[in-house]
Every structure is written in structure tokens, then in C-alpha cells.
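Accompanying notes for the structure given below.
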Number of protein chains: 2
Amino acid sequence: MPTINDVAKAAGVSPSTVSYVLSGRRPISAETRARVQAAIAELGFHPHAGARALASSKTNVIALVAPLRVDVNVPVIMQFATAVVTAARSYNHDVLLLTKDEGTAGVERVAHSTMVDALILMDLERDDLRIPALRRLKQPSVLIGLPADHTGIACVDLDFGAAARAALTHLAGHGHRRIGLVGPSPAVYKRQTTYADRFLTGFLEASVDLGLQTVTHPCEPGAEGVRSCMADLDAELAGLTALVVHNEEALRPLLDLLHATGRRVPEDVSIVAICPRDVATAMPVNLTSIDIPAHDVGTLAVETVMRLLDGRRVEYTRLLEPSLVERDSCSEISASHR
Amino acid sequence: MPTINDVAKAAGVSPSTVSYVLSGRRPISAETRARVQAAIAELGFHPHAGARALASSKTNVIALVAPLRVDVNVPVIMQFATAVVTAARSYNHDVLLLTKDEGTAGVERVAHSTMVDALILMDLERDDLRIPALRRLKQPSVLIGLPADHTGIACVDLDFGAAARAALTHLAGHGHRRIGLVGPSPAVYKRQTTYADRFLTGFLEASVDLGLQTVTHPCEPGAEGVRSCMADLDAELAGLTALVVHNEEALRPLLDLLHATGRRVPEDVSIVAICPRDVATAMPVNLTSIDIPAHDVGTLAVETVMRLLDGRRVEYTRLLEPSLVERDSCSEISASHR
DNA sequence: TTGAAAGCGTTACCAG
DNA sequence: CTGGTAACGCTTTCAA
């Protein structure tokens, strides 16, 4: 493999000139630049990433810490990852993929060994143990999520509180007064994953503000989980006319259950789902939904990283406005249900 | 950040000794080792990855090139990625995540700039343009898939041909003689994704060998795609009693369709699915299935990479035996259908 | 069993 | 506008 010195010799210039042609960090005469670029092309020169990192203290790599369990939410995670990688590439950066399983040790390892310039973490918990560790790193971090104390660390996410409110407002606008929340799985609540908490809080607050009767319940995965969740909701609040579903996995079995028990959507039960757009439209009933804008959030996370690396100012809490798209799963409440 | 020299001073040894303590590449007296390790711990020393890469020509990073479209197969891809990252970590390597979208340029970029020691690629096409490029790299590659000409490049995958044969053999053993294949989407065939071709070829060959009447059809995503696929299958071969489904997305809508049209599973139609285990068991009917062993394949790919990096011999084509798990979607054909 | 020192390939500072 | 040359932090050969 040719080195920068080989290129310099071939072009009849000094290595530093080659470096400056590459980086554009100082003016180079058109003629010299041309000679250098010709030499680079001819020799097939590619700068050595390690040498660069050593000399410049920049790796042009960012870490992405993802929850790689074969758990819930797989498509959403994939969308985040895709957005992050794509956006990173547009800034000439690459992405090192870590699993959340490695915990604090993982982020410290890659940061301390100077493998990355910055970190993006997803699936944060309320009191995430990694946060104090992140504060000690010399590299900046951006979180996808909003843990309790994130002082000094940039956070990006959908505004799940506002999303819950938007869902209830929409249903209330259609006359619904008795509404159930099919929540994420108990495991998600147990981990205190921040989006679940924020959604629930927003849901409860909006219930009060809008004068609604609501009931909430987590929902185990699988048909059986959905059945028991619905049984609980029905038992705790008779005459439910609408459901808010914050659980991607549950959507399909829920629709099956409603169908099997003769409750039509939207005639008997209206539904607002919180899920990616394509999930909402892949159901037997086209679901009115609030999108989880994984692409936007991922892209924004990368943009925030880049600002941080450039030493520019960033907003430390950036919550994206939810947007509800009306489809076919909500109807005006019928007179008989009032 | 402390350097190896700081550690050396603190421990009263030379930098090379510290290096050897770290790498274990030469014997060190217990006493010296202890002093060095104490110094490392006290100073919180972590070797600089770039410096290491520069001096040793090893990055301890492998590239994973994944199809990050928000396309089909999302869960399977996720399982591969998880397995690869986990296995790589167990060999003290990290994973750089690339998208297939970058194509040849992407693999060349990371390889030429010495960001990685090896590459793992998934979602290979029959005549994949990247293969000639891979051959020119100094880093070894391992493919998850089996393109037409992979001379000199290690490939790992499920034996999809054998999987097709196993599915048909199972059904034939239950007396079925008229069998349809619900294939992947036309897009997958168009890309000539290797697993689709291999499955189809195996299916056709086994049909002949077993004396079966079969008919095959790709299947567009969505309920409509499934409907039209089934219509075609039924039209081309009357009296189908069994289906082989090589299309994860189609499973759910297919079961819905069969239910809606009054064809019971397995009483009227038997089904063998090719999909991850958890997908098979998440359906309304527990499906008899042939697992896509993403975890095993991903792990094996990493093991192969490590052997290659160690200069050990590897098998250049490693196709994992399919294993069919019997569940509730296949029955002996009833007399009326014979 | 240990040390000394020559690289590894860039960058960026100091000169001119 | 360009060149020379210390770093950057580690590994590894050569010597002892």
C-alpha cells in the first residue's frame, strides 16, 4: 500500500503538501493540487485510518449503542440504526456498533481506547447507570431517550408525553370519554425505559385535563398477553369506546381479539396506535397513528453529534413534535355509547 | 490520558515490557507483571487504538455490511447482526456497521483505509458486483450467502436447497402430492438474492425426485400480494393440499386469507414455513417450520473470520443442515383429498 | 527476563 | 504558497 510519502515523491512535493491537499486546510496552487491528485489516483493511495487517528486525535467514527436483544421493537431499532449510519456517512463518519449488553464497560472501552469521537446511545433507562460514566468521557454523547438526570448530555427523542396527549385529544374530539391504554410490556416498564414512562405520564395528565375516564395496563407479548390486558381494561372501566395502543407487538393480536369477540374497528372501538407508519398501514384496518419518527430522530442525533464535535452550541433537550395521521380506525362515537 | 510511557515510568520498567505484559507475547516475571498491572490500574491506562493499529497493522475491528433498507426480513437481519457483534466481542473484536447501499465503494473504503481486519457481508446477490472487489482486498471476507462464483471467498449459510427438500419430504411423508410454494417477493428474485434461488432450485429438484406435483410463485408483500399469489397457485394446480412458505412477511396475511376463505390449517391445508423459530410460534397456528439459524450462521461467520485472521484453514463453503421442527400446521392428508 | 530504539503513516507546527 | 520535521502512542526486532 502506498503511503503519503510515496505520493509526495511521485508528485515532487513534500508529504505535508499532500496532507494539505487532502484536508484542504491551507491554500494550494491549482497546479500543485492537480499533480498531487494525479499521483494519488495513479498510486491508489488511501490514508491509513490509524495513523490519521494517532496524529490528529480524530477517528471519524462514532459509536452506536443499540439494544440488540431479539426483544421488542426490532423494526424501530433497525430504523434508528439505518438513519444513524446513513447520516453519519453523509458527514464522512463511520459507525461502530455496540450492544447495550456491554453496559458501562462497553462505552468506556471504546471511548478510553480512542476508537470513536462520540457516542450515540439508544434505549435509555430512567436512571441509566451509563450516564455518570458518559459524563466522565472526553468524547461527547447524544442520547436517544430522556433519562431523569441528563444534565450536560444532549438528548433527542419523540415527545412521547405530547404524543399521548395528542392521541387522547384526537379521541376526545371524536366524542370518546372512556378510553383504555394498552401499554408496553411489563418488562419495558420494569426497565423504566424512558419513553414508556413519559408516555404514561402524558396520558394520565391529559386524561385529567380533558376530563376523560381512562384506564391503563401494560401488555405482555403474544395473543394471551393481549387477551389478559383487554380483560383487565374492560374490567376496570366498563364501556370502553376507544384504545390507545403504545405497543407495536400487541397491535396485530389485539385486532384479532377484537375481531374474534365481535367488536368492530372503528364502529365499536376506535384505536390510535403509536408506531412506525408502515406498521400502522400493514394492519387489516389502516390504523390512525402517531408515527415514531425513527429516521428523523436518528438523523437529528447524528447532526447533534456533529455540532458537538465542531464545538458548536446544541439544544440539550430536543423533543420532536408528534404528528397524528388519521386513517381508518377512529370514528365519532355512536349515540348508543354516550 | 496516560500513555504506555507513563505506565512504564510508574512501574519502573521499559515501555516494551508494558506492551508485553499487555499482549502476553513473551514471558514476564510474576513480580514485574504485578507492578505493571498495578501501574496500569492506578493510572487508568487504555492503549490507543489508532497507535496500536499503526504499529501492529491490526485494528481488531471487522466490518459488517448489512442491508439496511427498511425492507423485508428485518428481524432476521437483526439476529445476524446481534450474533456477529456478540461473537466478535468474544474474540475481542469490534464491529463497524456499513450499509449495503454503499456498495463496492464502501467495502473498498474501509478496507483500503485499514479501518478493519476483515469483512462480513450479508444479502449477497447471484452475481454480486462486490465480489471481484473483495478478491482484491488484502483483508479476508466471509459471505453470508452463496453467490455464483465465490472462488477463494468463504461462504456460510443455511443450506436452503436442503431446506426445500426437507420441507417437501416432510409433506410427502404425510401423504401430500400437490404442493404450492409461496416464495419471497419478486423484488428478492429480481435481485437474485442467493437464498431465494437456492431454495427454489432445491424445491424443483425435490419435487421431481419425490414425484410431486408442485407449483411455485413469488409473493408480493401485503394482504393483496398474498391473495393474488394464492389465486395463482390455486389456478395453476387444482387441489393443493399443502403449502411451503418461504416468505416471513406473507405468513400472517396468508393465515388470515386461509381462515377467511374457510380453509383450515392443518385440516384442509398443511403448511411448512421457513422462518425464525419465534416467528413460527407467534402465529395463530403454531407452524411446523424450518428455522433460519441466524444466530448460528452469524457466529460461524465470525469464527471463520477469526480462523482466516489466524492463518488457519477454513472450509470455503459451509452450509448448515436445516432442521425441521414439527408443530401444529401439518397433518396426514385426509382420504377425501387423495 | 528485560531494555533500547527503530519504525508504523499522518498531521500540524514552525520556517521560509 | 510550500517544505521540513517533530510529535502522536504503540509494537517489535535486536541486543543483552
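Numbers restart at 1 for each chain; the letters A, B, ... are given by sequence-line order, proteins then strands. Predicted, not measured: the structure shown is a model, and the values here were computed from it.
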- Item | Set of side chain to side chain donor-acceptor pair (under 3.5 Å) partners for A:T86, sequence neighbours left out | none
- Message: Going by the rule ring-ring contact (aromatic ring centres under 6.0 Å, His included), which residues pair with B:H46 if we only count those two or more places apart in sequence or in a different chain?
- Response: A:H112
- Query: Can you name the residues that form a side-chain contact (heavy atoms from CB on, under 4.5 Å) with B:A39, not counting sequence neighbours?
  - Reply: B:V7, B:A10, B:A11
- The salt bridge (charged side-chain N to carboxylate O under 4.0 Å, His left out) partners of B:R52 (sequence neighbours excluded) come to none
- Query: Taking five pairs at each end, how big is the angle between the two axes of the helix from C:dT1-D:dA16 to C:dG16-D:dC1, to 10°?
  - Reply: 30°
- Task: Go through the structure and list residues passing side chain to side chain donor-acceptor pair (under 3.5 Å) with B:R109, not counting sequence neighbours.
- Result: A:D94, B:E102
- Item | Other residues, nucleotides, ligands: >12 heavy atoms within 6.0 Å of B:R26 CZ | yes
- Message: Does the protein touch nucleotides 9-16 of chain C at the base, only the backbone, or not at all? Give it as B, S and - per nucleotide, heavy atoms under 4.0 Å.
- Response: BBBBBB--
- Message: Could you work out, with ring-ring contact (aromatic ring centres under 6.0 Å, His included) as the rule, every residue matching B:H150, not counting sequence neighbours?
- Response: none
- Message: Contact list please: residues 106-117 of chain B against DNA chain C, heavy atoms, distance less than 4.0 Å, in numerical order.
- Response: none
- Among D:dG4, C:dG3, D:dC1, the nucleotide that comes nearest once only the side chain of B:S14 is considered: C:dG3
- Any salt bridge (charged side-chain N to carboxylate O under 4.0 Å, His left out) pairs touching residues 144-156 of chain A, not counting sequence neighbours? A:R135-A:D149
- Return no unless some side-chain N or O of A:S57 is found under 4.0 Å from OP1 or OP2 of D:dC8. no
- Note on the structure: Hits for side-chain contact (heavy atoms from CB on, under 4.5 Å) against A:T193, two or more places apart or cross-chain, chain-then-number order -> A:D123, A:V188, A:R191, A:Y195
- Message: Going by side chain to side chain donor-acceptor pair (under 3.5 Å), name the pairs with one or both residues in residues 293-308 of chain B, residues two or more places apart or in two chains.
- Response: none
